[in-house]
Protein chains: 2
Amino acid sequence: MERQTPQRDAIRSLFTPDGDPLSPQELLEQASRDVPKLSIATVYRTIRSLEELGEIVPVELPGEPARYELAGKDHHHHFVCESCGRVFDVDACPGNLANMTPDGFKLTRHDITLYGLCGQCA
Amino acid sequence: MERQTPQRDAIRSLFTPDGDPLSPQELLEQASRDVPKLSIATVYRTIRSLEELGEIVPVELPGEPARYELAGKDHHHHFVCESCGRVFDVDACPGNLANMTPDGFKLTRHDITLYGLCGQCA
DNA sequence: ATGGGTGCAAATTGTTTGCATTTTA
DNA sequence: TAAAATGCAAACAATTTGCACCCAT
């Protein structure tokens, strides 16, 4: 089983139900406040562990390193602010995209990323 | 200006109107048939040059390195086969996604990636 | 001949891994 | 005190860059 350690707890606590997806670097910076000499290797190992346990899921955005967020959220997508770079959850979804799928292809899932300006930057 | 060289020509000729997006590694492999000791650095430099000239555009898919395709195609999206890994152009688009956009945010563009099985793998 | 292009190797960035050392249970 | 977790540095993969050399113009 997974042991409880200050490092793991600090990283784990950064994932909140309404938090936006976090990158490994952001996790390192923020968790380092609690555990000063936290290493990036531990961040990556903890990410993988939490992912395998099904507690968090990766958020892969085009052209940038993966971020992670709490698992179990309803189906949703993401909005990337082209000004400040922050990533926001978007609950809406256009729904069935089967009509976009080429003939003979089988659709299993889809990713949608919106780009523009967030409320603060707009 | 850009000079005409065997390397550049070999890489440039791999971009065709109906071709699917190509990764730097694929460009290296395929162009190497014409120019045996082509280096990966030249591939990347040529990609950047063609991109700055507006001849090609990057195709950024979630979680994998960028690919490139001819510029000037109509607005479209991509389908990634989860079995063979190939990437296909998809001409359809659900259209207006403004209704997905959070209040106060300004939408400028969007990316949609479909996942599933291609015609051959299905 | 001269300035841009190329190859090769070294540098960068993001991520993973080996290993000796802590730490939790 | 034994198994698991951590830190550090080395290893990797993708991409970029420095530099000496080469080739279009």
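Every chain is numbered from 1 and lettered A, B, ... according to where its sequence line falls, protein lines coming before strand lines.
Note on B:Thr5: a side-chain N or O is less than 4.0 Å away from OP1 or OP2 of C:dT6. Proximity of B:Arg8 to the phosphate of D:dC23: no side-chain N or O atom is located under 4.0 Å from OP1 or OP2. For the OP1/OP2 pair of C:dG7 and a distance below 4.0 Å, the side-chain nitrogens and oxygens of B:Thr42 include at least one atom meeting the criterion. The phosphate of D:dT16 (OP1 or OP2) has no side-chain N or O of B:Tyr44 nearer than 4.0 angstrom.
Summarising the geometry, the separation between CG on B:Leu53 and P on C:dG4 is reported as 15 Å, rounded to the nearest angstrom. Going from atom CZ of B:Arg12 over to atom C1' of C:dG5 covers 16 Å, rounded to whole Å. In this structure, B:Leu27 places its CG atom 14 Å from C1' of D:dT15, rounding to the nearest Å. Between the C1' atom of D:dT16 and the CZ atom of B:Arg48 lies a distance of 7 Å, rounded to the nearest Å. Regarding A:Asp34, its CG atom lies at a distance of 14 Å from the P atom of D:dT6, rounded to whole Å. Separating the CG atom of B:Leu28 from the C1' atom of C:dT6 is a distance of 13 Å, rounded to the nearest angstrom. One can place NZ of B:Lys37 at 13 Å from C1' of C:dC8, the figure rounded to the nearest angstrom. Between the P atom of D:dC23 and the CG atom of B:Asp9 lies a distance of 16 Å, rounded to the nearest Å.
Taking the six-membered ring where the residue is Trp, the centroids of B:Tyr115 and B:Phe79 are separated by 6.0 Å or more.
A salt bridge is absent between A:Arg48 and A:Glu52; no separation between the charged side-chain nitrogens and carboxylate oxygens falls under 4.0 Å. Salt-bridge formation is not detected for the pair B:Arg86/B:Asp20: no Lys NZ or Arg NE/NH1/NH2 atom is positioned less than 4.0 Å from an Asp or Glu carboxylate oxygen. Between B:Arg67 and B:Glu60, no side-chain nitrogen of the basic residue sits less than 4.0 Å from a carboxylate oxygen of the acidic one, so the salt-bridge criterion is not met.
Note on B:Leu38: only backbone sugar-phosphate atoms sit closer than 4.0 angstrom, heavy atoms only; bases stay farther off. Here B:Gln25 lies out of heavy-atom contact (under 4.0 Å) with every strand.
The 5' end of DNA chain D is approached more closely, in terms of each residue's nearest nucleotide, by B:Ile40 than by the other of B:Gln4 and B:Ile40. When the nearest nucleotides of DNA chain D are assigned to B:Ala66 and A:Gln7 by heavy-atom distance, the more 5′-ward of the two goes with A:Gln7. Judged by closest nucleotide on DNA chain C, B:Arg45 is the one of A:Pro24 and B:Arg45 placed further toward the 5' end.
A:Gln4 CD: 12 or fewer foreign heavy atoms inside a 6.0 Å radius.
Checking D:dC23, C:dT17, C:dG7 against the side-chain heavy atoms of B:Arg3 singles out D:dC23 as nearest.
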